[in-house]
Amino acid sequence: MADMSPIFRRNGKPAPGDRLVTLIRKPGCHLCDDAQIVIEKVCGELGVPWEQKDITQDEELNRQYWEQIPVVLVDGAQHTFWRVDEGRLRKALA
């Protein structure tokens with residue numbers, strides 16, 4: 001069913017592999033390291049892909065998020081910043 005088009009899925013929810021979690025971070029940020037641990041755990045258990053982006057390497061991300069890092073996006077929409085709550089992330093991806 002994961003390969004099936006979302007149009008034909010009965011529940012209309014995206015499959016875990018169709019989701020994407022993005023961690024926006026910077027080097028040397030201890031909150032970013034903490035966030036990454038939670039994201040790795042939750043995404044690993046649910047089979048959801050994730051990526052990380054460095055605000056020091058992207059001027060637009062730096063301008064947009066420099067006060068909030070770490071920032072977590074779920075499917076491109078801001079989910080949270082500063083601290084990542086495991087239960088809340090899991091619920092957003094379920």
Enquirer: List the residues meeting salt bridge (charged side-chain N to carboxylate O under 4.0 Å, His left out) with Asp85, not counting sequence neighbours, and say none if there are none.
Expert: none

Enquirer: By salt bridge (charged side-chain N to carboxylate O under 4.0 Å, His left out), which residues pair with Arg88, not counting sequence neighbours?
Expert: none

Enquirer: Identify the residue among Asn62, Leu61, Thr56, Ile55 that makes a side chain to side chain contact (heavy atoms under 4.5 Å, CB included) with Asp58.
Expert: Leu61

Enquirer: Find out whether Leu20 and Val48 are in side-chain contact, i.e. whether some heavy atom of one side chain is under 4.5 Å from a heavy atom of the other.
Expert: no

Enquirer: Tell me, please, which residues at least two apart from Glu59 pass salt bridge (charged side-chain N to carboxylate O under 4.0 Å, His left out).
Expert: none

Enquirer: Is it the case that one hydrophobic cluster holds both Val72 and Ile69, taking links as side-chain heavy atoms less than 4.5 Å apart, direct or via other members?
Expert: no

Enquirer: Which heavy atom of Tyr65 sits nearest a heavy atom of Gln78, and at what distance?
Expert: CE2-OE1, 3.5 Å

Enquirer: So, for Trp50 and Gln52, which heavy atoms are closest and what is the spacing to 0.1 Å?
Expert: CZ3-CB, 4.0 Å

Enquirer: According to side chain to side chain donor-acceptor pair (under 3.5 Å), who are the partners of Lys41, at least two apart in sequence or on a separate chain?
Expert: Glu86

Enquirer: Would you mind listing every salt bridge (Lys or Arg N to Asp or Glu O under 4.0 Å) that reaches into residues 71-82, with sequence neighbours excluded?
Expert: Arg19-Asp75

Enquirer: Check step by step if side chain to side chain contact (heavy atoms under 4.5 Å, CB included) holds for Leu73 and Val21.
Expert: CA-CA 6 Å; Leu73 309 179; Val21 173; over 6 Å; no

Enquirer: Grab the two heavy atoms, one from Arg25 and one from Asp33, that are nearest each other, plus how far apart they are.
Expert: NH2-OD1, 2.6 Å

Enquirer: Would you say Trp66 ends up clustered with Val71 if hydrophobic residues are merged whenever their side chains have heavy atoms under 4.5 Å apart, either directly or through other cluster members?
Expert: yes

Enquirer: Is there a path of hydrophobic side-chain contacts, each under 4.5 Å between heavy atoms of I/L/V/M/F/W/Y residues, joining Leu46 to Leu89?
Expert: yes

Enquirer: Mind listing the closest non-hydrogen atom pair of Leu23 and Cys32 along with its distance?
Expert: CD2-O, 4.0 Å

Enquirer: Can you name the residues that form a side chain to side chain donor-acceptor pair (under 3.5 Å) with Glu40, not counting sequence neighbours?
Expert: Gln36

Enquirer: Is there a side chain to side chain contact (heavy atoms under 4.5 Å, CB included) between Lys53 and Thr22? Walk through the geometry before answering.
Expert: CA-CA 7 Å; Lys53 295 184 178 183; Thr22 304; 4.1 Å; yes

Enquirer: Side chains of Asp34 and Val84: does their closest heavy-atom pair fall under 4.5 Å?
Expert: no

Enquirer: Return the minimal non-hydrogen interatomic distance between Thr80 and Arg83, and the atom names on each side.
Expert: OG1-O, 3.3 Å

Enquirer: How close do Asp54 and Lys26 get, heavy atom to heavy atom, and via which atoms?
Expert: OD1-CA, 3.9 Å

